[in-house]
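We use all heavy atoms of the structure for the numbers below, so side chains are in, but hydrogens, waters and symmetry mates are not.
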Amino acid sequence: SGEVGPPGPTGRQGYKGLPGQCLTTPAYSQWMAELNQYIVDWLEFIQAGIDECEDWQGAVTDVERELDTKQQQFDTLFSQFNDDLDNWTTTQRDTIQNDIR
């Protein structure tokens, strides 16, 4: 392994393809089509204006209202259950006391 000599002459330049053409695979072509469609959709969205689809504050208010309604329904059912339990307990106590007498 001695010294390396000077580089040799550059070889001939290969054939240059036509401008703007390249070989692609079917997967790449599909991806490019989807990307181009996405770009078109995005530009249409931007040009139409960026307005929210739904008023999120209104949606939150609707959810809170629904939760309040469910809470009231639960409270009503729980109160009815407690009343029924109290009535049942009183009835059972009275029955037991009458049986003892």
### Message
Return the CD to CG distance between Gln92 and Asn87, rounded to the nearest 0.5 Å.
### Response
11.5 Å
### Message
Between the side chains of Arg65 and Asp68, is the shortest nitrogen-to-carboxylate-oxygen separation below 4.0 Å, so that they form an ion pair?
### Response
no
### Task
Please state whether the rings of Phe78 and Phe74 are parallel, tilted or perpendicular, taking 30° and 60° as the class boundaries.
parallel
### Task
Before giving the answer on side chain to side chain contact (heavy atoms under 4.5 Å, CB included), spell out for Thr90 and Arg93 the whole-Å C-alpha distance, their side-chain angles and the decisive distance to 0.1 Å.
CA-CA 5 Å; Thr90 302; Arg93 187 177 49 239; 3.7 Å; yes
### Query
So, Asp75 versus Gln71: side-chain donor-acceptor pair below 3.5 Å or not?
yes
#### Entry: Residues Asp84 and Gln80: side-chain donor-acceptor under 3.5 angstrom
no
### Query
For the side-chain contact (heavy atoms from CB on, under 4.5 Å) test, which of Gln30, Gln37, Met32 pairs with Glu34?
Gln30
### Query
Hey, what do you get for CG (Asn82) to OG1 (Thr89), rounding to the nearest 0.5 Å?
10.0 Å
### Task
Rounded to the nearest 0.5 Å, what's the gap from OH on Tyr38 to CZ on Phe45? Could you check?
9.5 Å
### Message
With rounding to the nearest 0.5 angstrom, report the CD to CG distance, Gln73 to Leu77.
### Response
7.5 Å
### Query
Are any non-hydrogen side-chain atoms of Ile39 and Leu35 less than 4.5 angstrom apart?
yes
